[in-house]
Each structure stands twice: as C-alpha cells, then as structure tokens.
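This report concerns only the one structure given below.
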Amino acid sequence: MGALDEEHFNKEIENGVELDFLDLGFEDQPETVAIEDAVKVLLQGLGEDINREGLKKTPLRVAKALREGTKGYKQKAKDIVQSALFPEVGLDDAVGHAGGAGGLVIVRDLDLFSYCESCLLPFQVKCQIGYVPSGQRVVGLSKLSRVADVFAKRLQDPQRLADEICSALHLGIKPAGVAVILQCSHIHFPNIGPPFLDSNHQGWVKALVHSGSGVFENDFADVWDDFLSLLKFRGVNVDKTLMKDSKQQCWCPSQYSSSAEVTGQPNTGMVTAVTSILISLGENPLRKELAGTPAHFVKWLMNFQNANLETKLNGFACSRMDPLKQNGEVGHDKRMYTELNLSFCSQCEHHLLPFYGVVHIGYYAEEITPVIKSRLQSIVRFYGFKLQVQERLTRQIAETASSLLGGDVVVVVEANHTCMISRGIEKFGSSTATIAVLGLFSTDSAARAKFLQNIPNPASGGSGF
C-alpha cells in the first residue's frame with residue numbers, strides 16, 4: 001500500500017466526504033456560483049472582509065453544504081422502494097400476525113436533519129417508522145431510512161416532513177398501514193438581552209409530530225398502542241396525549257417573534273441574496289411558506305455582525321483585580337472560584353451555520369462579587385455573537401477574562417456544531433470541547449484537575465443547552 005501524495009491528501013482534507021457527492025465541475029455550475037455570490041453579499045452585509053483568511057472559502061463551503069443538504073429535490077422515493085420489495089409468506093386468512101409478514105415492523109431512532117423552510121436554519125430529527133406489511137411482501141429495512149432522508153434533504157416543516165415520508169412509503173410498499181413519528185429540535189433565536197445568558201435558558205424549540213395511513217389513520221387505533229409500546233421497550237418514550245395536539249404546535253421561532261423584537265428593516269441587498277439562494281436550490285421563493293424566509297434568515301444572521309468589541313469591552317480592563325505575586329504563586333488569601341454553564345450561541349465562519357453550548361471559567365481571587373459573574377457573562381456574549389471558530393472563541397474569552405481577573409484563568413468551551421450534522425459527515429450526537437489555560441493553570445496540573453472536576457455532566461441536567 002502506498003501513501004497518498006501531498007496534492008491528493010490536501011484535496012481529501014479540503015473536500016472530506018463530500019468528494020463522493022459532488023460531480024466534477026461542481027464549482028463551475030451556475031447554481032454554485034450564484035450561491036457563492038449571494039454568500040459574499042451576506043458577509044459584506046455583516047461588515048466582514050470576504051478576503052480574510054478564515055472567510056476566503058466560506059462562499060464555496062456554504063454552497064456545498066446547502067446543495068448537499070437539499071439534494072432530496074433531485075431524488076425519487078419511488079425508485080428507492082421499488083428496488084427493494086421482497087416476497088415473504090404470511091398467514092393470509094389465519095388468525096393473528098406472523099412476524100414481518102402481516103405483523104408490525106418498526107425501525108427506531110433514525111437520526112436525520114433538515115433545513116427549516118421558515119428561516120433556513122438546520123433542525124435535528126429523531127425519526128420512528130412503523131408499517132404493517134400486506135400482499136406477502138416486505139421492504140428492505142434500510143430503504144425506510146433512505147426514503148425518510150430523501151424528504152429530510154429538502155426545505156421542510158416537521159408536519160409536512162412526517163406526512164411526505166408516510167405517503168411515500170404507503171404508495172411505494174402498499175402495506176396495511178404506515179406510521180411515522182418525528183421528534184424535532186430547532187435552535188432558538190438568540191435573545192440579545194440578559195435572558196439568553198441565563199444558564200436555564202431553553203436553547204431549543206421542540207416539536208412532536210406524527211402521521212399515519214391505512215390501519216394507522218385513526219389516531220386512537222390499537223395498533224398505535226403497539227407501536228408506542230415497542231418504542232418504549234427500547235427507551236423511546238412518546239406521550240400519546242401530546243401526539244393528539246401535535247399538528248397545532250407552533251414551530252419555527254421566526255414565526256412567533258414579537259414585533260417588539262424586530263429592530264429595523266432587514267438589509268434589502270441581503271434579503272435579495274437569500275432569495276437568490278432559494279432559486280439556486282430549485283425552490284420557488286413565491287411559495288407562501290417561503291415568503292418571509294429571506295428576511296427571517298437575515299434577521300438571524302445580523303445577530304453576528306462584525307461589531308467593534310474592543311470599545312464594548314474597554315471597561316473591563318479598568319476594573320482589573322490585583323495581579324498574582326511575581327513568582328506566579330497564589331497568595332494564601334486567594335482561592336479558586338468557578339462560573340459554570342454560561343450559555344452562548346455563535347455562528348461558524350466556515351459554513352455560516354450556528355454552534356452553541358456552554359462556557360466554564362475558573363479563576364483565583366480573594367473574593368467573588370456579583371459584578372464579576374455579570375462581566376464574565378458579557379465577555380462570553382460579546383465574543384459569541386460574531387462569526388467565529390470555537391478555538392478562537394475559547395482563547396478570546398480566556399485572554400479578556402485574564403485582563404479582568406488578574407492573570408490566572410482557565411476556560412473550557414463545550415459546543416455542538418450544526419455543521420457536523422448538516423453536511424456530508426453527519427456525525428449526530430458529537431460535541432466539541434476546547435480549553436485555554438493562563439497563568440498558574442498552565443503549570444499547575446492539580447489546579448487544572450480541580451477545576452475540571454467541577455464541570456457538571458450534561459446528562460445530569462447541568463448543561464445550559
């Protein structure tokens with residue numbers, strides 16, 4: 001076996017798993033070029049330099065991500081199903097159900113993502129599919145996931161996504177019935193004010209939707225109880241009482257933002273650019289569900305415009321605490337304090353997709369005061385609300401906190417990146433942690449260990465998201 005040559009290796013690193021998806025000449029296709037041009041307009045509207053090193057390839061990366069995430073428009077669920085129907089003898093006229101031929105078949109916990117048609121932000125989906133075979137035939141189980149993915153890879157609303165998956169499977173398999181349950185999570189639009197900084201802030205809008213055909217068409221049918229029981233058997237708990245009202249649930253936060261939250265009219269050029277992106281993806285921007293989408297996306301994006309942070313952070317240095325002793329040791333009158341689970345939301349500058357999570361800060365001080373926590377929260381907010389990469393965010397928070405607290409600071413940032421699930425890699429459930437250590441924390445392993453042991457386990461409910 002030979003090693004990859006450097007040119008080929010660099011190409012693999014740059015394009016990653018998307019090499020298999022993209023056709024040769026992808027970068028020169030009119031749709032890609034149109035999206036790139038639109039993204040440049042958006043970046044300039046944020047006050048960014050499109051020739052800055054971290055942004056040079058952002059327009060192309062965004063184009064790839066959007067075209068990958070909406071490739072379902074060019075796929076047909078019918079072709080997927082019909083190539084995987086297999087004969088399987090059942091009980092015909094006998095009493096009872098025989099396994100997969102005449103009895104309920106379930107595929108659980110399918111992880112999907114889709115783009116919200118109201119604001120163009122990706123949302124996560126946990127999908128449960130069940131069907132009752134008929135006509136002595138079954139479908140290859142992997143095809144249930146593939147059909148679901150076809151419709152997820154389009155601009156979507158949760159209820160329509162559930163209905164389209166259900167309808168496609170019913171028409172393709174011709175079973176006795178199909179059931180689909182989707183548990184969807186949409187990132188909340190950040191509130192620039194103090195509520196967003198509260199560690200108890202709800203970072204997600206959640207929706208539970210379902211769709212049924214044939215024997216599942218009646219929401220009160222006994223077969224639904226069988227379906228839900230088999231989900232619960234593996235730890236998937238779906239409240240049937242919530243399912244009854246799911247179709248009336250409000251979904252995208254952009255749809256119920258109050259008029260008081262809207263500050264001024266969106267940048268016309270940026271709105272036009274987003275409209276161009278919709279057209280390039282093969283959508284009709286005049287479709288009623290997309291009427292407000294460009295303005296909603298621009299409103300989200302403007303949270304992260306390039307502001308003069310130095311001016312806003314100027315006051316922190318003026319109230320700097322006494323520095324440590326010259327030998328780098330902590331005096332006997334100082335002790336370690338921690339501020340944990342400071343929520344943040346930011347925007348990945350490589351893909352213009354949100355990432356979110358919590359920040360933990362440790363420092364040595366003579367005493368803790370309420371104003372210190374407030375200023376640390378402000379530091380996290382200021383550096384979060386801009387185009388970022390997590391490594392830089394961690395360093396900036398640490399350096400600014402150090403100027404405020406006297407030098408000895410440790411910062412850990414835990415984040416989930418939607419670009420990890422909404423592109424070709426699709427690593428659901430993954431998270432990223434970064435750490436910055438200054439002063440004593442960089443040399444004292446015991447101090448670092450003590451701080452790290454204080455960070456709560458998200459599974460215990462300690463995380464702000």
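This chain uses plain numbering: 1 for the first residue, then up along the sequence.
- Aromatic rings of Y383 and F385 (six-membered ring for Trp) have centroids beyond the 6.0 Å cut-off, not under it.
- Remark: aromatic rings of F441 and Y364 are close, center separation under 6.0 Å.
- Rounding to the nearest 0.5 Å places OG of S118 at 9.0 Å from CG of L120.
- Side-chain atoms of T434 and V412, non-hydrogen and from C-beta on, never get closer than 4.5 Å to each other.
- Counting heavy atoms from C-beta on, the side chains of L46 and M302 come closer than 4.5 Å.
- With values rounded to the nearest 0.5 angstrom, D225 atom CG is found 11.0 Å from L230 atom CG.
- Here the straight-line distance linking atom CG of L301 with atom NE2 of H296 works out to 14.5 Å at 0.5 Å rounding.
- Between the Y363 side chain and the A401 main chain, no donor and acceptor come within less than 3.5 Å of each other.
- Remark: side-chain polar atoms of Q390 are paired, donor with acceptor, to backbone N or O of V413 under 3.5 angstrom.
- No side-chain heavy atom of V41 sits under 4.5 Å from any side-chain heavy atom of D37.
- Rounded to the nearest 0.5 Å, atoms CG (L352) and CH2 (W300) are 11.5 Å apart.
- Between K386 and E349 there is no salt bridge, since no side-chain nitrogen of the basic residue lies less than 4.0 Å from a carboxylate oxygen of the acidic one.
- You'll find the side chain of L340 reaches within 4.5 Å of the side chain of P456, heavy atoms only.
- For the residue pair R146/Q75, the side-chain donor-acceptor check at 3.5 Å is not satisfied.
- The side chain to side chain contact (heavy atoms under 4.5 Å, CB included) test with S211 is passed by exactly one of I165, L169, I181, D163: D163.
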The test is salt bridge (charged side-chain N to carboxylate O under 4.0 Å, His left out); show your working for R395 and E391 and say whether it passes.
CA-CA 6 Å; R395 174 181 57 79; E391 297 87 344; over 6 Å; no
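- Contact detail for P266 and V298: the closest heavy-atom pair is CB-CG1, 4.1 Å.
- Scanning all heavy atoms of the two residues, the minimum distance from S343 to V380 falls at O-CG1, 3.9 Å.
- The SG atom of C119 lies 10.0 Å from the CD1 atom of I187; values are rounded to the nearest 0.5 Å.
- Atom NZ of K373 sits in a sparse spot, with 12 or fewer heavy atoms from other residues, nucleotides or ligands closer than 6.0 Å.
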Working note: F297 + L42, criterion side chain to side chain contact (heavy atoms under 4.5 Å, CB included); need CA distance, chi angles, decisive distance, verdict.
CA-CA 10 Å; F297 182 71; L42 296 177; 4.0 Å; yes
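- Between Q159 and V209, the closest heavy-atom pair is OE1-CB, 3.4 Å.
- Formation of a donor-acceptor pair under 3.5 Å by the S185 side chain with backbone atoms of K206 is not found in this model.
- Of the possible polar contacts, one joining the S280 side chain to the S276 backbone as a donor-acceptor pair under 3.5 Å is found.
- Heavy-atom minimum distance, V147 versus A77: CG1-CB, 4.0 Å.
- Using a 4.5 Å heavy-atom cutoff, the side chains of L208 and L182 are not in contact.
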With side chain to side chain contact (heavy atoms under 4.5 Å, CB included) as the test, would you mind laying out the steps for L342 and V358 before giving the verdict?
CA-CA 5 Å; L342 302 178; V358 289; over 6 Å; no
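- Smallest separation of non-hydrogen atoms from I455 and E414: CG2-OE1, 3.9 Å.
- H186 places no side-chain N or O within 3.5 Å of a backbone atom of C252 that could act as its donor or acceptor partner.
- Under the 4.5 Å side-chain criterion, counting only non-hydrogen atoms from C-beta, T70 is in contact with L155.
- Looking at heavy atoms from C-beta onward, V125 lies out of side-chain contact with D111 at the 4.5 angstrom threshold.
- No donor-acceptor pair under 3.5 Å is formed between the side chain of S114 and the backbone N or O of K153.
- No donor-acceptor pair under 3.5 Å is formed between the side chain of R108 and the backbone N or O of C127.
- Under the 3.5 Å distance criterion, the side-chain polar atoms of S442 are matched with a main-chain donor or acceptor of G439.
- A side-chain donor-acceptor contact under 3.5 Å links T400 to the backbone of Q396.
- Between V411 and I435 the shortest side-chain heavy-atom distance does not fall below 4.5 Å.
- In summary, the side chains of E164 and Q156 do present a donor paired with an acceptor at a separation below 3.5 Å, with no hydrogens or angles considered.
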Could you go through the side chain to side chain contact (heavy atoms under 4.5 Å, CB included) check for F344 and R381 one step at a time?
CA-CA 6 Å; F344 80 92; R381 178 183 67 171; over 6 Å; no
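- The residue from N341, N454, L452 that alone fulfils the side chain to side chain contact (heavy atoms under 4.5 Å, CB included) condition with H360 is N341.
- Pairing each heavy atom of V205 with each of P253, the nearest pair is CG2-CG, 3.6 Å.
- The OH atom of Y73 sits 14.5 Å away from the NZ atom of K71 when rounded to the nearest 0.5 Å.
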Please walk me through it: do V105 and L141 pass side chain to side chain contact (heavy atoms under 4.5 Å, CB included)?
CA-CA 9 Å; V105 180; L141 297 179; 3.7 Å; yes
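- Between R160 and E117, at least one side-chain nitrogen of the basic residue sits less than 4.0 Å from a carboxylate oxygen of the acidic one, meeting the salt-bridge criterion.
- S402 places no side-chain N or O within donor-acceptor distance of the main-chain N or O of A398, the cut-off being under 3.5 Å.
- Taking the six-membered ring where the residue is Trp, F227 and W224 present tilted rings, their angle falling between 30° and 60°.
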